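Encoded as C-alpha cells, the structure appears first; notes follow it.
This structure is a prediction, so every number in the text was calculated from the model and none was measured. Within every chain, numbering begins at 1; the chains are lettered A, B, ... in the order of the sequence lines, protein sequences first and strands thereafter.
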Amino acid sequence: MNTILKTKKITPIISVRRVTKNFDGVRAVDDLSIEIEKGKITGIIGPNGSGKTTLINLLTGMIPFDTGSVFVNGSKELFKIKAYDISVFGSTRTFQDVRLFEQMTVLDNILVVLTERNVASALFEKHKKFHNQKAKEVLEKMGLWGKKNELAVNLSYGQRKLLEIARVLATKSDVYFLDEPFAGLFPEMVKLISEIIKELKQQGKTVILIEHDMSLIRELCDYVFVMESGNLLAEGEPKEVLGDKKVIEAYLGE
Amino acid sequence: MEYLIHLGILFAIYTILGVSLNLVVGYTGLLSVTQAAFYGIGAYATAILLTQTGIGFFTSMILGVILAMSISFLIGLVLSRFRDDYYALASLGFNVIVFSIFLNWQDLTRGPLGIPGISKPDLRFFNYDFSFSSNFSYLILTIIFAVLIYLVSKFIVNSSFGRVLKAIREDEKAIQVFGYNTLYYKLAIFVISAGMASVAGSLFASYITFVDPSSFYLMESVFILTIIILGGLANLRGAVLGALIMILLPEILRFVGFPSDIAAQMRQVVYGLILILLMLYRPKGFLGEYEI
C-alpha cells in the first residue's frame, strides 16, 4: 500500500494504540494507531463511513473500544474511557448531529457545563456570579447573548451550531474534538468559527477537527490523518497529503 | 365544612406526592410509576409503629422516610440500568413487588385486613401539649408539610443540581461528556423524592386512621402520574394545580345528575375522557415546561 507514514518526533497529547472497534461484525476502526500533537490543529478526513466520528466517539467515551489502549493528556494507559471522565483528562467535544439540551434555555445550556460536578456542591452552588459572567462572555462572543432566555430547541440551525461551540469554549479544556463544526453554515459563521479555532491554537490548546471542506483543512490544519474503512490511509501536512494520488482517488473520487 | 377540610387534607397530601414525583418524571425525565410504593412504605411505617410501639407520630414519620429512602436507593440502583419505556415498565414492577409485600407479609401488615386504630399526632412543647385530633388542626399540619416540601423542591430545581437534572432528561450522554457522573444525580433525586412520598404516606395513615394495601396499588402510582401530566411536567405549580383538579374533579362530577345506578361508572368515563382530550389538545398539561 502506498501510504505516507511519518516517523517525525512529536509531543503527543493523545496516543491511540492498536484500537479496534466492531459494530455487529463491521470493522469501524481497524487496529488504528495514531499520535496527535499537542498545541496543533489536527484534521481527520475521509469518506463517509470511514470511521472518523467513531474514532472521536471512542476517544470521548461515548462508545467503548474492543481492543487497544489510549493515552489522553498525560493520563495513564486507558483500556476503557467513561464519558464523564474525559473532562478530567481536559477534553471536550461537539457532536456531528448537534446535541443541545433542547428544552432548556440558551443560558442554562452554558451554565450547566460550568457549575459544580459533585451532587452536594451542586445543590449549594457557591460561584453563581462567576459562572454567569463566564456564560455571558462566551455567549456574547457567539452573538447569542440576546437569545439567552430562549429554549435551545427554538434556535435556528446555525445558532444551534454556535451554541454548541459556545458550550465547549465555556469548559476551559486542553483538547477540543470538533465534529464537523462548519457543516451547513453561512460563510460569515464559518469565518467566526475558524477564527475561534485559530484562537484556541494561539492559547496552546489542541484541536481535533473532522471536516469535509478541503479548503478549510488547508487553511486551518497543521497535520491531517486520512481514514478509509477504519484504517489510516495517509497522514502528513495538508499540502502533501491532499496532493497525494491515493488520497485523491479514495476520498475525492476524482 | 368538614367536607371541605377533608378535601383540603387530601389536596395537601396529593400535592406532596405530585411535587415529589415531578422531580423525578418532569425534571429528570425518568418515567417512574412506583411512587405509591414509597407512599405506602411511609403509611405502613407510621401505622405499624404507632399501633405496636410507644413512639410518636413524628418519630414514625422520620423512620418511615429513612426506610423509604433506603429502599428507593436499592430500587434506583436497579432502575438506573433502564431507559425510557423500559424504565417505566421496570419501575411498575417494583410497585407490584412492594404491593405484594404489603398484602402478604401478614405478621407485619395484617395483609388485606389492614391496620386500624392509628392515632393522630401529638406535639409537646415543654409543658404545653397540642393534639392534631381535630380535622382542622390536621389540615394545618398537612399544609405545613406540603409547603415545606414545595419549598425544598423549589430550592432543588433552582439549584445547579436541578439544572443538571434537566440536562440528564434532555441528553444524558451529552451531559456525561461534560464531566457529570449522572448515576449519582439520578439516584439522589429518586431517593429524595421517595422520602417526600413517605411523608405523605405518614400523613395519610394518621389521618384516615386505617391503612390497607389497596391504597398503594399500581393505579395509585398512575393516579399520581396523571396529576403531574395534567398539571404540567417540570413545573412545581403544575403539580399543585394537577392535585387540585384531580381531587376536585370527582367531587364536581358528583353534582352532575347521572342516574344513581350508573353514576360511579359515568364519573370514571368522564374522567377518562377529560384526560384523553387533554392529551390530544394540550399534551404539556396546563403549566408544563416539558413534554415526554
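- Formation of a donor-acceptor pair under 3.5 Å by the A:Arg117 side chain with backbone atoms of B:Phe178 is found in this model.
- Looking at A:Glu116, only its backbone comes within 4.5 Å of chain B, counting heavy atoms on both sides.
- The two residues A:Phe101 and B:Ala174 have their closest heavy-atom pair at CE2-CB, 4.1 Å.
- Within the 4.5 angstrom heavy-atom criterion, atoms from both the backbone and the side chain of A:Leu111 approach chain B.
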* side chain to side chain contact (heavy atoms under 4.5 Å, CB included) assessment of A:Met62 paired with B:Gln176 -> CA-CA 9 Å; A:Met62 300 293 286; B:Gln176 282 177 351; over 6 Å; no
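- Pairing each heavy atom of A:Gln103 with each of B:Arg169, the nearest pair is O-NH2, 3.4 Å.
- For A:Lys198, the NZ atom sits in a packed shell: over 12 heavy atoms of surrounding residues, nucleotides or ligands are nearer than 6.0 Å.
- Of the possible polar contacts, none joining the A:Tyr84 side chain to the B:Ile175 backbone as a donor-acceptor pair under 3.5 Å is found.
- Remark: B:Phe223 CZ is packed, more than 12 non-hydrogen atoms of other residues, nucleotides or ligands lying under 6.0 Å away.
- Each of A:Ala83, A:Ala152, A:Ala120 has some count of heavy-atom pairs under 4.5 Å with chain B, and the biggest count is that of A:Ala83.
- By the ring pair (Phe, Tyr, Trp, His ring centres under 6.0 Å) test, B:Phe204 pairs with B:Tyr39, sequence neighbours left out.
- Legend: residues meeting salt bridge (charged side-chain N to carboxylate O under 4.0 Å, His left out) with A:Arg17, ordered by chain and number and at least two apart, are absent.
- In this structure, B:Ser159 and A:Leu123 approach most closely via the heavy-atom pair CB-O, 3.6 Å.
- In plain terms, the two heavy atoms of B:Asp171 and A:Arg99 that are nearest each other are OD2-NE, 2.7 Å.
- Here the straight-line distance linking atom NZ of B:Lys173 with atom CG of A:Asn57 works out to 9.5 Å at 0.5 Å rounding.
- Across B:Val177 and A:Phe95, no two heavy atoms sit closer than the pair CG2-CZ, 4.2 Å.
- By the neighbour-count criterion of 12 heavy atoms within 6.0 Å, atom CZ of B:Phe58 is densely surrounded, having more than that number from other residues, nucleotides or ligands.
- Interatomic distance, A:Ser121 OG to B:Phe161 CZ, rounded to the nearest 0.5 Å: 11.5 Å.
- Under the ring pair (Phe, Tyr, Trp, His ring centres under 6.0 Å) criterion, B:Phe155 pairs with A:Phe124, sequence neighbours left out.
- A:Glu125 approaches B:Ser160 most closely through the heavy-atom pair OE1-OG, 2.8 Å.
- Of the residues considered (A:Asp108, A:Ile86, A:Val113), A:Asp108 shows the highest number of contacts with chain B, using heavy-atom pairs under 4.5 Å.
- Proximity to chain B is absent for every atom of A:Asn109, based on heavy atoms less than 4.5 angstrom apart.
- Of the atoms belonging to A:Val119, heavy atoms from both backbone and side chain fall under 4.5 Å from chain B.
- Residues of residues 142-149 of chain B lying under 4.5 angstrom from chain A, judged on non-hydrogen atoms, do not exist here.
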